[in-house]
J.: 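Have a look at this one before I ask anything.
Nothing fancy with the numbering, it's 1 onward along the sequence. Small disclaimer: the values here were computed from a predicted structure and weren't measured.
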Amino acid sequence: PAFLRTNTVFEAGGADPTLSGTTEGFPNAAATAGTTPVVFAEADLNQVIEEVWTEGGEPSIIMCNAGNKRRISTAFTGNSTRYKDAIDKKLVSSIDFYDSDFGELTVVPNRWMRTNNAGAGDDSYNVFILDPNYAAIAFLDEVQQKPLAETGHSISRLIWAEYGLQVDNEKAHGVIRDTTNALT
């Protein structure tokens, strides 16, 4: 989230992260959370998808926490028709793909997404709109292994790697900050 400054939506009191230079440099301050988190809105999602597309990205992933994934599946109007397969006795009530005006995006729940601490002690969450063509894992030290001491019939190995996230173009991604887990 510290790299994403261009295609963002945040609530009152919130601010994008800053860079060490005016337009180039390294992130030197994290984003500021808004004073009051709000319910994740479909209009905000469409706005950020459009902004990413306008900047040249082709977003294909919506990454969110469990609560916002449930909100997409239950409250977004794109899911106004539910299907029931009588043969399989199955009711489909989730959205795994969101078809926007700018392409289809896969909705990916992420249980390890960080919680932002917003103003009044409330928790807020980010929803990311990503173009995987402009992000990668950058290895500083490739995956390696070496044998360790044997204990009885047990053989141990040490496996290690050094890597980080490489963001090739921050304008190819977007974020909606300061959302709650609320379903209504």
Side-chain angles (χ1 to χ4, degrees), residues 1-72 76 98 100 102-103 105-143 160-183:
F3 285 99
L4 302 180
R5 306 174 32 234
T6 305
N7 309 311
T8 63
V9 170
F10 49 84
E11 294 310 311
D16 284 326
T18 59
L19 296 179
S20 60
T22 54
T23 58
E24 295 181 9
F26 58 87
N28 64 359
T32 304
T35 53
T36 305
V38 297
V39 174
F40 176 35
E42 189 172 9
D44 291 340
L45 176 64
N46 285 319
Q47 175 186 336
V48 173
I49 292 170
E50 178 181 355
E51 289 173 358
V52 169
W53 184 85
T54 301
E55 291 291 343
E58 302 216 0
S60 62
I61 296 174
I62 300 168
M63 187 174 292
C64 55
N65 68 331
N68 283 327
K69 168 66 168 101
R70 288 180 52 218
R71 176 144 179 83
I72 291 170
F76 282 23
Y98 185 82
S100 76
F102 305 97
L105 291 86
T106 304
V107 181
V108 178
N110 183 337
R111 67 173 49 104
W112 293 287
M113 288 188 69
R114 183 175 83 82
T115 302
N116 301 321
N117 189 2
D122 298 323
D123 289 335
S124 67
Y125 303 89
N126 293 328
V127 176
F128 293 102
I129 291 78
L130 306 171
D131 182 345
N133 294 317
Y134 292 97
I137 295 174
F139 282 93
L140 302 172
D141 196 5
E142 294 291 329
V143 177
W160 77 93
E162 292 183 39
Y163 58 91
L165 175 63
Q166 175 181 322
V167 178
D168 294 328
N169 184 350
E170 72 91 18
K171 292 182 179 184
H173 312 287
V175 62
I176 302 163
R177 304 183 197 280
D178 309 325
T179 67
T180 68
N181 272 332
L183 293 177

J.: Hey, are the side chains of N7 and I129 touching, using non-hydrogen atoms and a 4.5 Å cut-off?
T.: no
J.: Please check if the number of heavy atoms outside F10 that lie under 6.0 Å from its CZ is greater than 12.
T.: yes
J.: Apply side-chain contact (heavy atoms from CB on, under 4.5 Å) to the pair D178 and V38, showing each step before the final yes or no.
T.: CA-CA 6 Å; D178 309 325; V38 297; 5.6 Å; no
J.: Please say whether more than 12 non-hydrogen atoms of neighbouring residues, nucleotides or ligands are located less than 6.0 Å from CD in Q166.
T.: yes
J.: Is the ring pair Y163/F139 parallel, tilted or perpendicular, if the boundaries are 30 and 60 degrees?
T.: tilted
J.: Checking side-chain contact (heavy atoms from CB on, under 4.5 Å) for the pair L165/F3: CA distance, chi angles, key distance, verdict?
T.: CA-CA 11 Å; L165 175 63; F3 285 99; 5.6 Å; no
J.: Which heavy-atom pair separates P59 from V52 by the least distance, and what is that distance?
T.: CD-CG1, 3.7 Å
J.: Supply the atom-to-atom distance N126 CG to T179 OG1, rounded to the nearest 0.5 angstrom.
T.: 7.0 Å
J.: For a quick test of reading the model, state the closest non-hydrogen atom pair linking R5 to D16 and the distance between them.
T.: O-OD2, 3.1 Å
J.: Could I get the full list of salt bridge (charged side-chain N to carboxylate O under 4.0 Å, His left out) partners for D44, not counting sequence neighbours?
T.: none
J.: Would you please say whether a donor-acceptor pair under 3.5 Å links the side chains of T18 and N28?
T.: yes
J.: Which heavy atom in E170 sits nearest to a heavy atom in L4, and how many Å separate them?
T.: OE1-CA, 3.6 Å
J.: Check whether any side-chain heavy atom of Y134 lies under 4.5 Å from a side-chain heavy atom of H173, and answer yes or no.
T.: yes
J.: Does the R71 side chain pair with the main chain of F40, one donor and one acceptor, at a distance under 3.5 Å?
T.: yes
J.: Where is the tightest heavy-atom contact between T180 and P37, given as atom of each residue plus distance?
T.: CG2-CB, 3.3 Å
J.: State the CE-CG distance between M63 and N68, to the nearest 0.5 angstrom.
T.: 13.5 Å
J.: Is there a side-chain contact between N110 and K69 (heavy atoms, below 4.5 Å)?
T.: no
J.: Kindly check if the number of other-residue, nucleotide or ligand heavy atoms within 6.0 Å of CD1 (I137) is above 12?
T.: no
J.: How close do I72 and C64 get, counting heavy atoms only, and between which atoms?
T.: CD1-SG, 4.2 Å
J.: Return the minimal non-hydrogen interatomic distance between I61 and V108, and the atom names on each side.
T.: CG2-CG2, 3.9 Å
